[in-house]
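In what follows, a single structure is set out as structure tokens and then discussed.
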Amino acid sequence: MLIVIEGPNGVGKTTIAGLLAQRLRHRAGQPVHLTTEPTRTRLGELLREAEAVIHGRALALAIAADRTMHVEDEIIPALDAGGIVVTDRYVQSSLVLQRVDAVDLREIWSYNRYVLQPAISLYLVDDPQVIVGRLAARRRLTRLEATGTPQRELQLYQQAFDFLDRQSWHQAMIDCRGRTPEQVVSAILDTLAPLLARTPAA
Ligand SMILES: Nc1ncnc2c1ncn2[C@@H]1O[C@H](COP(=O)(O)OP(=O)(O)O)[C@@H](O)[C@H]1O
Ligand SMILES: Cc1cn([C@H]2C[C@H](O)[C@@H](COP(=O)(O)OP(=O)(O)O)O2)c(=O)[nH]c1=O
């Protein structure tokens, strides 16, 4: 089962993905693989560094190439081994971040439409002011983080969510407002319950 964690910069994706993987490891009779995009491969690390200089269509294509390799070399083998995969960012991130970088939504989709559909894509939402406060605490923002604002990202995320709905993606919005990370993960586990019921637990 592929579980995607999405949402604007600073909403808590990395924190929640890590905690969710821990909680799933406790319950599951199957391995849980935590991963991220861009990937931790040479290409993914290159993209993290190069994001300052590569932009627009070229970045959209390069990110889609990294994602394709992620699916083929890491996600599918982990799923084939009977595991659950939790990824911090996936297609919805491109439908937002590449748009911040002035690429059209349909064009971004055309580079991503053949990737593996997740079992569920979870979109984390919080109050923009809370996110602004968290980003202000960051020492250094990436080019795209500095270009978009939490308000704009939330707006684009909602549009991407509606677009993916029309592509029949299985998605859920997770309200993080006023919730601790543990409470957010509990809400996610409630959302995942019907899917997890179909997989064996220890
Ligand atoms: N539900 C939450 N309540 C309070 N703080 C949170 C919550 N989720 C994440 N944080 C904090 O917000 C900051 C940004 O979280 P992070 O996981 O890095 O976000 P992202 O991966 O979406 O950029 C971190 O300092 C993290 O500890
Ligand atoms: C996953 C993804 C990342 N990126 C870019 C934007 C980010 O500034 C950069 C790094 O992503 P980010 O989530 O900031 O990674 P990390 O916090 O793990 O270093 O990659 C895209 O442009 N589109 C995407 O779909």
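Just follow the structure's listing: the first ligand is 1, and inside any ligand the first atom is 1.
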Look at the side chain of [X] and the backbone N and O of [Y], then say whether any donor-acceptor pair between them is shorter than 3.5 Å.
{"X": "Gln30", "Y": "Gly82", "answer": "yes"}
{"X": "Asp101", "Y": "Leu97", "answer": "no"}
{"X": "Glu51", "Y": "Arg48", "answer": "no"}
{"X": "Lys13", "Y": "Ile5", "answer": "no"}

Among all protein non-hydrogen atoms, which one is nearest to [atom], and what is the separation to 0.1 Å?
{"atom": "atom 1 (N) of ligand 1", "result": "Arg179 O, 2.9 Å"}
{"atom": "atom 25 (O) of ligand 2", "result": "Ser94 OG, 2.8 Å"}
{"atom": "atom 19 (O) of ligand 1", "result": "Gly12 N, 3.1 Å"}
{"atom": "atom 7 (C) of ligand 2", "result": "Glu51 OE2, 4.0 Å"}
{"atom": "atom 10 (C) of ligand 2", "result": "Pro38 CD, 3.8 Å"}
{"atom": "atom 23 (N) of ligand 2", "result": "Gln98 OE1, 2.8 Å"}
{"atom": "atom 26 (C) of ligand 1", "result": "Thr15 OG1, 3.5 Å"}
{"atom": "atom 14 (O) of ligand 2", "result": "Glu145 OE2, 4.0 Å"}
{"atom": "atom 7 (C) of ligand 1", "result": "Arg134 NH2, 3.4 Å"}
{"atom": "atom 21 (O) of ligand 1", "result": "Thr14 OG1, 2.8 Å"}

>> Between Arg99 and Gln159, is the side chain to side chain donor-acceptor pair (under 3.5 Å) condition met? List the steps.
In response: CA-CA 11 Å; Arg99 268 187 96 188; Gln159 289 174 15; 2.6 Å; yes
Heavy-atom contact check, 4.0 Å cutoff: does [X] meet ligand 2?
{"X": "Leu47", "value": "no"}
{"X": "Arg40", "value": "yes"}
{"X": "Arg143", "value": "no"}

> With a 4.0 Å heavy-atom cut-off (strictly under), which part of Asp88 contacts ligand 1: side chain, backbone, both or neither?
Replying inline: neither
Answer yes or no: is there an ion pair linking [X] with [Y], defined by an N-O contact shorter than 4.0 Å?
{"X": "Arg177", "Y": "Asp175", "result": "yes"}
{"X": "Glu45", "Y": "Arg42", "result": "no"}
{"X": "Glu145", "Y": "Arg140", "result": "no"}
{"X": "Glu107", "Y": "Arg57", "result": "yes"}
{"X": "Asp126", "Y": "Arg179", "result": "no"}

> At a 4.0 Å threshold, what atoms of ligand 2 neighbour a non-hydrogen atom of Arg48?
Replying inline: 15 (O), 16 (P), 18 (O), 19 (O)
> Which atoms of ligand 2 have any heavy atom of Leu144 under 4.0 Å away?
Replying inline: 6 (C), 22 (O)
> Taking only heavy atoms of Pro8, which atoms of ligand 1 are found under 4.0 Å from at least one of them?
Replying inline: 22 (O)
> With a cut-off of 4.0 Å, which atoms of ligand 1 are near a heavy atom of Thr180?
Replying inline: 1 (N)
Using distance alone, decide if ligand 1 has a nitrogen or oxygen within less than 3.5 Å of any nitrogen or oxygen in [X].
{"X": "Gly10", "value": "yes"}
{"X": "Val11", "value": "yes"}
{"X": "Asn9", "value": "no"}

> Given Asp88, Ile63, Leu95, which one has a non-hydrogen atom that is nearest to atom 4 (N) of ligand 2?
Replying inline: Ile63
> Which is closest to atom 18 (O) of ligand 1 by heavy-atom distance: Glu145, Arg138, Lys13, Arg89?
Replying inline: Arg138
> Do Arg67 and Ser94 meet the criterion of a side-chain donor-acceptor pair at a distance under 3.5 Å?
Replying inline: yes
>> Is a donor from one side chain sitting under 3.5 angstrom from an acceptor on the other, for His170 and Ser121?
In response: no
>> Looking at atom 17 (O) of ligand 2, tell me if a protein heavy atom falls under 4.0 Å from it.
In response: no
Pairs of nitrogen or oxygen atoms closer than 3.5 Å, one from [X] and one from ligand 2: do any exist?
{"X": "Thr142", "answer": "yes"}
{"X": "Arg89", "answer": "yes"}
{"X": "Glu37", "answer": "no"}
{"X": "Asn9", "answer": "no"}

Is [X] in contact with ligand 1, taking contact as a heavy-atom separation below 4.0 Å?
{"X": "Pro181", "value": "yes"}
{"X": "Ala137", "value": "no"}
{"X": "Cys176", "value": "no"}

> Should Tyr111 and Leu164 be regarded as members of a common hydrophobic cluster, given that ILVMFWY residues are connected when their side-chain heavy atoms come within less than 4.5 Å of each other, either directly or indirectly?
Replying inline: no
>> Over 60° means perpendicular and under 30° means parallel, so tell me whether Tyr157 and Tyr123 are parallel, tilted or perpendicular.
In response: parallel
>> Measuring from atom CD of Gln171 to atom CG of Asp162, what distance do you get when rounded to the nearest 0.5 angstrom?
In response: 8.5 Å
>> Let me confirm one number: the CD-CD distance from Glu182 to Gln22, rounded to the nearest 0.5 Å.
In response: 9.0 Å
>> Using the side chain to side chain contact (heavy atoms under 4.5 Å, CB included) definition, which of the options Thr36, Val71, Leu95, Ile3 pairs with Tyr90?
In response: Val71
